[in-house]
Visitor: 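Can you read through this structure? Questions will come right after.
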Amino acid sequence: MNDLFANYTNALRPVEDMDKAMNVTLQVTLSQIIDMDERNQILMAYLWIRQVWFDAYLRWNKDDYDGLDTIRIPSSYVWRPDIVLYNNADDQFTGSMETNVVIRYDGKIMWDSPAITKSSCKVDVSFFPFDRQQCRLTFGSWTYNGNQIDILNHLDTGDLTDFVENVEWEVLGMPAKKNVITYGCCSEPYPDVTYTLILKRRASFYIFNLLLPCVMISFLAPLGFYLPADSGEKVSLGVTVLLALTVFQLLVAESMPPSENVPLIGKYYIATMTMITASTALTIFIMNIHHCGPEAKPVPMWAKKFILQYMSKIFFVYEVGESCKRPQTEPDMEKTSKVHEVNGKAKQEVPVDVVKNCPERFVPKDKDMMEEQEVGKGFEHVQVSEKCPVTHCLCHNESLLKNIEYMANCFREQRAAQKRTGEWKKVAKVMDRFFMWVFFIMVFLMSLLIMGKAI
């Protein structure tokens, strides 16, 4: 120590010829990825940095010192190259740890120092959570130009033999490349060594916590069309699913940087939310059709032919009894036809039958009750003194027939209104089934596309 540092100073570059550049060999070993802050675009890593150079003034003859070929002294005693991380993002600017240097008898100095670095990294989240990132670590001298210090990379890649596996990121490689750059401030070239850390995100955590819940929630949206319209929960289901997806969208937005590149899972959320919004709007429209009252207009002919005949068979939409192959037989229909026949001929056939069934000897006791009856083509006035039975004379049943006719008309109007209401409900049900399958296919295709990105 006394002989070596008798006339030595660590403030000057230790070369014999000042016109020659000093070669500094750099080797970086990646030990651990501590954190990857996508929002602030900062990579925190634990590195082992080895720098090797030759000091022309720290040499000795090992035979003069009992074969001593190496010594280890504090690094602050010798001159050190001011190699720093160019893209450092640490607010405290802490450098390497003050460790010892190993000096060999021929002047070769090897300085190994561990360092926790924070470097800026441009994060591209376009394919999140199936993305790959490339973070660059650029090392170079801060004050010495290429004519004074030439930086060389010891290997063509960073050393990953002692790397501790990260739970979120998988390291695919760490190639090294030397660059010589001339900056605008200075005319001299400045060499640097850039290590490109290639990272691939482990997407299992995001698949099970963000993607699969979204896919399962998305499949609830088409089921809203299968829900009966009278349940009153069709719109509520769509709104609830929309709110659930909004919560997941906020979770993704909080962890992503505010950039123009929308992440893949964010696009999936937006597409699903748009689909659910459209399904809720269609549900409101279909419920309006379902609740058409008796005053609604009849179903158009094209809708009867296309929706009620063809589409209902395609989507297996049947009313009660329609799915059976035997013809529809309802007792009410037979009763309706009989009432219709009676009502239709009440004014033509019933009076004649009543007159024929009323014997000629029966006539109302009161003379005011005498009336003129038509028999065949002529008219005949008959007066009898006995009382006509009430059950056989038309004069006593006329008001009853009018009531029956009124009741039959009301029944026919009610049946017609029920038929119109039933047709509109069937139209709404067919549209529900149609949109249910359309949205199922859309959800399946979107899920297939985003899963294809993972593969």
Visitor: Is there side-chain contact between Tyr269 and Cys214, with heavy atoms separated by less than 4.5 Å?
Guide: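 Heavy-atom side-chain distance check passes, below 4.5 Å.
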Visitor: Could you give the distance from CZ (Arg72) to CG (Asn100), rounded to the nearest 0.5 Å?
Guide: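 So the CZ of Arg72 and the CG of Asn100 are separated by 9.0 Å.
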Visitor: Rounded to the nearest 0.5 Å, what's the gap from CE on Met44 to CG on Asp90? Could you check?
Guide: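 One gets 7.5 Å once the value is rounded to the nearest 0.5 Å.
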Visitor: Can you classify the ring geometry of Phe435 versus Phe439 as parallel (below 30°), tilted (30 to 60°) or perpendicular (above 60°)?
Guide: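 Ring orientation of Phe435 relative to Phe439: tilted.
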Visitor: Is any side-chain heavy atom of Lys200 closer than 4.5 Å to a side-chain heavy atom of Ile198?
Guide: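 When only atoms from C-beta onward are counted, Ile198 and Lys200 do not touch, as no gap falls below 4.5 Å.
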Visitor: When you measure from the side chain of Asp82 to the backbone of Thr143, do you find a donor-acceptor pair of N or O atoms at a distance under 3.5 Å?
Guide: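 Yes, Asp82 side chain to Thr143 backbone: donor-acceptor pair under 3.5 Å.
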Visitor: Any side-chain heavy atom of Glu233 within less than 4.5 Å of one from Leu227?
Guide: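 Of all side-chain heavy-atom pairs linking Leu227 with Glu233, at least one is under 4.5 Å.
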Visitor: Are Tyr8 and Tyr77, when compared by the centres of their aromatic rings, separated by less than 6.0 Å?
Guide: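 Judged by ring-centre distance (under 6.0 Å), Tyr8 and Tyr77 do not meet the cut-off.
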Visitor: Ignoring hydrogens and angles, state whether a donor on the side chain of Glu188 or Tyr144 is under 3.5 Å from an acceptor on the partner side chain.
Guide: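 No, no side-chain donor-acceptor contact under 3.5 Å.
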Visitor: Check whether any side-chain N or O of Tyr57 sits under 3.5 Å from a backbone N or O of Val15 as a donor-acceptor pair, and report yes or no.
Guide: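 Yes, the answer is positive, given that a donor and an acceptor are paired below the 3.5 Å cut-off.
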Visitor: State, yes or no, whether a side-chain contact exists between Arg201 and Leu199 at a heavy-atom distance under 4.5 Å.
Guide: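 Arg201 does not reach Leu199 side chain to side chain.
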Visitor: Mind checking whether Met36 and Cys121 have side chains closer than 4.5 Å, heavy atoms only?
Guide: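 Heavy-atom side-chain distance check passes, below 4.5 Å.
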Visitor: Does Thr117 reach the main-chain N or O of Ser119 with its side chain, forming a donor-acceptor pair under 3.5 Å?
Guide: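 Not confirmed, Thr117 side chain does not pair with Ser119 backbone.
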Visitor: Using a distance-only test with no angle check, is there a side-chain donor-acceptor pair under 3.5 angstrom linking Tyr268 and Ser447?
Guide: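 Looking only at side-chain atoms, Ser447 and Tyr268 do form a donor-acceptor pair, the distance falling under 3.5 Å.
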Visitor: Are the side chain of Asp124 and the backbone N or O of Ser126 linked by a donor-acceptor pair below 3.5 Å?
Guide: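 Judged by distance alone, yes, a pair lies under 3.5 Å.
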Visitor: Atom OG in Ser218, atom CG in Leu223: separation rounded to 0.5 Å?
Guide: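 These two atoms lie 11.5 Å from each other.
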Visitor: Is there side-chain contact between Ser141 and Tyr190, with at least one heavy-atom pair below 4.5 Å?
Guide: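 No, side chains not in contact.
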Visitor: Nearest 0.5 Å please: distance from the CZ atom of Phe434 over to the CD1 atom of Ile314.
Guide: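 Reported to 0.5 Å precision, the distance equals 10.0 Å.
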Visitor: Between Arg104 and Asp106 (salt bridge meaning N to carboxylate O under 4.0 Å), is one present in this structure?
Guide: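 Yes.
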Visitor: Measure the acute angle between the ring planes of Phe219 and Phe440, then classify it against the limits of 30° and 60° as parallel, tilted or perpendicular.
Guide: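 Because their plane-to-plane angle lies in the 30° to 60° range, the rings of Phe219 and Phe440 count as tilted.
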Visitor: Do Asp150 and Lys178 have side chains that approach each other closer than 4.5 Å (heavy atoms only, starting at C-beta)?
Guide: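 Yes, their side chains come closer than 4.5 Å.
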Visitor: Roughly how far, to the nearest 0.5 Å, is the CG atom of Leu155 from the CE atom of Met174?
Guide: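 These two atoms lie 11.5 Å from each other.
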Visitor: Any non-hydrogen side-chain atom of Leu30 less than 4.5 Å from a side-chain atom of Val28?
Guide: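 Not in contact.
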Visitor: Taking atom CG as the centre, does Asn403 end up with more than 12 heavy-atom neighbours from other residues, nucleotides or ligands that are less than 6.0 angstrom away?
Guide: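 For Asn403, atom CG is crowded (more than 12 foreign heavy atoms under 6.0 Å).
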Visitor: Quick one: pull up CG in Asp432 and NZ in Lys425 and give me the separation to the nearest 0.5 Å.
Guide: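 Answer for the CG-NZ pair, Asp432 versus Lys425, is 13.5 Å.
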